[in-house]
Structures are given as C-alpha cells and as structure tokens.
Amino acid sequence: MTRLRVIVLLAAHCGFRRSDAMRISPANFDQQAGTISIDQKKTGRTVTVPVTAHVRALFAAANQPASSAHIYAILKGRELSTGAIDSAWQILKKKASVNRHLWIHDLRRTLAVSLYEISKDLRVVEQMLGHQSLGATIHYLEHRDASKLKPYLDSLFIPDGRLIQ
C-alpha cells in the first residue's frame with residue numbers, strides 16, 4: 001500500500017490534511033531546506049513545514065525533483081480518487097486491528113498533541129499545522145482522556161480537599 005504510506009507519512013509526520021497530502025508533489029519539496037511548501041486547500045495560505053527522514057526518503061525514491069505529479073501517484077504509478085484512498089485506509093485499519101473510527105485526519109491531531117507534549121509550546125504546534133490562530137491549535141489539543149487530567153487535579157489539592165498554595 002505504497003500510495004497510502006505516502007499519505008499517512010505526510011499526515012503523521014508533517015501534519016498535512018488528507019486533501020493536501022494528496023496534492024503534494026516533488027516540486028513542493030525543497031531538498032536543501034528539508035521542507036515542503038504547499039498552499040493549503042482549506043485556508044488558501046501557503047505553509048512550509050520541515051520533513052522527517054522518512055518523508056525525505058519518499059521523495060528520494062520518487063527520483064523526480066521538479067515533477068508536479070503527485071508524490072503518491074509517482075510511487076504508485078497512477079492517480080487515485082479520494083474514495084480509493086479512503087477504501088485503502090479502511091482496509092489498512094482492519095489489517096492493523098486499530099480503531100475503526102480512526103480517520104487519516106486523526107494523525108494530524110496525534111502529531112499536534114505529541115509536539116505539544118514534547119515542546120509545551122503552542123506556537124510550535126500552531127506553526128507546524130499552519131494555523132492562523134491559537135484557538136484553532138488549542139482545539140486540536142483538547143484532552144479526550146480524563147485519566148490524563150487526574151494527576152494535575154491530584155497535584156492541586158491536599159487530601160482534605162483544600163487547594164495547595
């Protein structure tokens with residue numbers, strides 16, 4: 001599933017939305033800087049993000065530095081519809097026995113949460129995702145796991161319920 005590997009890596013490692021990951025070509029990749037620049041489909045803004053070694057390897061495998069063909073199509077040999085990508089994603093989730101409700105976009109959220117947990121810097125996450133406001137970034141970081149909040153609450157209060165000063 002090479003075509004899906006490209007899109008998954010672009011979502012998980014670079015934070016691209018599926019629609020943008022499907023449009024990325026070698027012409028978007030700056031090998032010297034190690035970045036990808038693309039006009040986001042949703043916002044129309046140009047974003048430039050750094051790439052990981054895994055993503056860099058995809059562009060090296062394509063071996064077509066100036067091509068405007070989509071990177072996944074170069075590696076797969078043909079263009080695919082959004083429906084075909086979604087179908088491949090469903091098959092991959094089933095094979096991997098992961099949550100059937102997982103979307104490719106959730107990989108973008110996972111990157112955002114992981115970046116924040118490491119950096120504790122909202123601006124780093126905002127820049128990586130290409131957001132215009134911290135409000136949009138914060139939405140990506142909302143905790144959906146109550147067990148992660150409990151240690152913070154426990155550290156705020158002493159056993160009799162009074163706030164630690």
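Worth knowing before you read on, the calculation uses all heavy atoms, side chains too, and leaves out hydrogens, waters and symmetry mates. Predicted model, so just to flag it, every value in this text is computed and none were measured.
- Looking at residues two or more places apart in sequence or on another chain, you find no side-chain hydrogen bond (donor to acceptor under 3.5 Å, both in side chains) involving Thr110.
- Rounded to the nearest 0.5 Å, atoms NZ (Lys94) and CG (Leu92) are 13.0 Å apart.
- For Thr35, there are no side-chain hydrogen bond (donor to acceptor under 3.5 Å, both in side chains) partners two or more places apart in sequence or in a different chain.
- One distance of note links CD1 of Ile85 with OG of Ser19; it measures 12.0 Å at 0.5 Å rounding.
- Met128 and Ile118 sit in two unconnected hydrophobic clusters of ILVMFWY residues. Membership requires side-chain heavy atoms under 4.5 Å apart, directly or through other members.
- Between the side chain of Trp89 and the main chain of Leu102, a donor-acceptor pair closer than 3.5 Å is present.
- By the side-chain hydrogen bond (donor to acceptor under 3.5 Å, both in side chains) test, Thr43 pairs with Gln40, sequence neighbours left out.
- Sorted by first and then second residue, the ring-ring contact (aromatic ring centres under 6.0 Å, His included) pairs involving residues 8-35 (not counting sequence neighbours) are His13-His54, Phe29-Phe59.
- Atom NZ of Lys120 is surrounded by more than 12 heavy atoms from other residues, nucleotides or ligands within 6.0 Å.
- Looking at residues two or more places apart in sequence or on another chain, you find a side chain to side chain contact (heavy atoms under 4.5 Å, CB included) between Thr82 and Arg18, Met22, Asp86.
- Annotation: salt bridge (charged side-chain N to carboxylate O under 4.0 Å, His left out) contacts involving residues 21-30, sequence neighbours excluded, comprise Asp20-Arg23.
- Sorted by first then second residue, the ring-ring contact (aromatic ring centres under 6.0 Å, His included) pairs that include residues 95-138, not counting sequence neighbours, are His105-Tyr140, His131-Tyr140.
- Shown here for Ser67 and Ile74, the closest heavy-atom pair between the two residues is OG-CD1, 3.7 Å.
- When all heavy atoms are compared, the tightest approach of Gly15 to Leu111 is N-CD2, 3.3 Å.
- Minimum heavy-atom separation, Leu9 to Leu58: CD1-CD1, 3.7 Å.
- For the atom pair CD1 (Ile71) and CD1 (Ile24), the distance works out to 9.5 Å, reported to the nearest 0.5 Å.
- Using a 4.5 Å heavy-atom cutoff, the side chains of Asp106 and Asn99 are not in contact.
- Annotation: side chain to side chain contact (heavy atoms under 4.5 Å, CB included) contacts of Ala27 (sequence neighbours excluded): Ser25.
- A 4.5 Å side-chain heavy-atom check between Leu141 and Val113 finds at least one atom pair inside the cut-off.
- The shortest heavy-atom contact between Ala69 and Pro26 is O-CD, 3.2 Å.
- For the side chain to side chain contact (heavy atoms under 4.5 Å, CB included) test, residues two or more places apart in sequence or in another chain that qualify with Asp39 are Thr46.
- Atom CD1 of Ile7 and atom CG of Leu80 lie 7.5 Å apart (nearest 0.5 Å).
- Scored by the side chain to side chain contact (heavy atoms under 4.5 Å, CB included) test, Ser119 finds Asp121, Val124 as partners (sequence neighbours excluded).
- By the salt bridge (Lys or Arg N to Asp or Glu O under 4.0 Å) test, Arg123 is found to be paired with Glu126, residues two or more places apart in sequence or in another chain being considered.
- Heavy atoms only, all atoms of each residue included: Ala21 and Leu10 are closest at O-CD1, 3.6 Å.
- In terms of the side-chain hydrogen bond (donor to acceptor under 3.5 Å, both in side chains) criterion, Gln31 has no residue partners (sequence neighbours excluded).
- The shortest non-hydrogen separation linking Val51 to Cys14 is CG1-SG, 4.1 Å.
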